[in-house]
Trainee: 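Handing you this structure, nothing more for now.
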Amino acid sequence: MTLVLRNGRDRAGQPISLTLRDGIIADLAPTPEADGLDLAGRLVLPGLIDAHVHLDKTFLGLGWMPHVDGATVAARVDAEKRLRRSSGWNVAEQGDALLRRLCAAGTTTVRTHVDIDEMVGLDNLHAVVALRERWADRITMQIVAFPQSGIMHCPGMPELLDAALREGANIVGGLDPFGFDGDVRGHLDVVFGLAERHHAPIDIHLHDGGAIGLEQLREIAARTRALGMAGKVVVSHAFALGEPESNDLAVTIAALAEAGVSIVTSIPGDHVFPSIARMAEAGVNLALGSDNVRDAWSPMSIVSMPERAMLAAYRSGYRRDDHLTQCLDLALRGGAQALGLTPPELVPGAPADLLVFDAPNVPAVVVERARPDLVVRAGAVLR
Ligand SMILES: [Zn+2]
């Protein structure tokens, strides 16, 4: 199938026309005889990447669920389990509702974390693997086997994670090796051991702040280097990197850059987060994720990467065009690097995952939290 997009504009403001064929950008010129759409000068960007979202946690489709407070990660995990038991949980339906929103917002690639614990076993994983198959024509999905209830105190968790990696998960997850599991070495031995055995990347949720947070980041960087896993390890949140400048912080950031560890942030509303400027200056790759969407952790429902980029700019005090552009790039180049994908560019041979915005440029997409007029996935128009 051939589709021609005529008379668009690229991020540099230059006129662009594209011929899309067999799922890729075949040519940066219109094929005269093929069917085409006139973009009337609108902005064309590659599809956006959400590097951290939980398809199996969302309440979307269940009606309104009032938020239940919890002071610690452990308290929140318990509250979530109670809510799941009492609500007629259906990952297939709720995940589907979230995917519809992601797709409409112009996200064409997601990395989703799926809970693996003693209560759900691999049930959520099987449901999300089925979603990945059902949505394969509309969204690229990577699945993290995520030990939401920890590893060291849950009997059989290493075996369950191992099974998850054999049954459809692509990536090994981890959770606060110190703050949740109280055993940094034991936790990371399991995570890095599974990664080595399955040749799988790693994605660890790390909420721990202060010296212990930084120490764990350095340990993750050291193990990444020792195993030659540059570009294959991601730490999500890494709140400790947003704390005031110190020698410890500088050493940690340098270690992450050298090891090729990526950081993913959701731009939390009530917490410090890694400084975009500081990460860029040190050469640490930073990506954006929605994380919690209408779930037990947060009632907010921000799935749009332009909106997330606006929050990044807003919380960073960014106003300049280059800074606003840098924020959306966290969901383009930053996301691609974190997920081990080629940089999303409008070049021949690249996947034909494209968005068309009624906006003059990238900074305008960010400040207006723009929704794409057109979402093209693998050369086909989705909306
Ligand atoms: Zn998360």
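Small disclaimer: the values here were computed from a predicted structure and weren't measured. Both ligands and their constituent atoms are indexed starting at 1 by order of listing.
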Trainee: Quick one: side chains of residues 59-74, donor-acceptor pairs under 3.5 Å with protein atoms, not counting sequence neighbours, listed by atom name and distance.
Mentor:
residue, atom, partner, partner atom, Å
T72, OG1, A75, N, 3.0

Trainee: Please say whether more than 12 non-hydrogen atoms of neighbouring residues, nucleotides or ligands are located less than 6.0 Å from CD in E167.
Mentor: yes

Trainee: Can you classify the ring geometry of F146 versus H205 as parallel (below 30°), tilted (30 to 60°) or perpendicular (above 60°)?
Mentor: parallel

Trainee: I253 and side chain to side chain contact (heavy atoms under 4.5 Å, CB included): which partner among I263, D248, L241?
Mentor: L241

Trainee: Look only at the side chain of S17 and the backbone of N7, and say whether a donor-acceptor pair between them is shorter than 3.5 Å.
Mentor: yes

Trainee: Return yes if a side-chain donor-acceptor contact under 3.5 Å exists between R218 and T252, otherwise no.
Mentor: yes

Trainee: Check the Zn ion (ligand 1) and write out every protein N, O or S atom at under 2.8 Å, as residue and atom.
Mentor: H52 NE2, H54 NE2, H205 NE2, D291 OD1

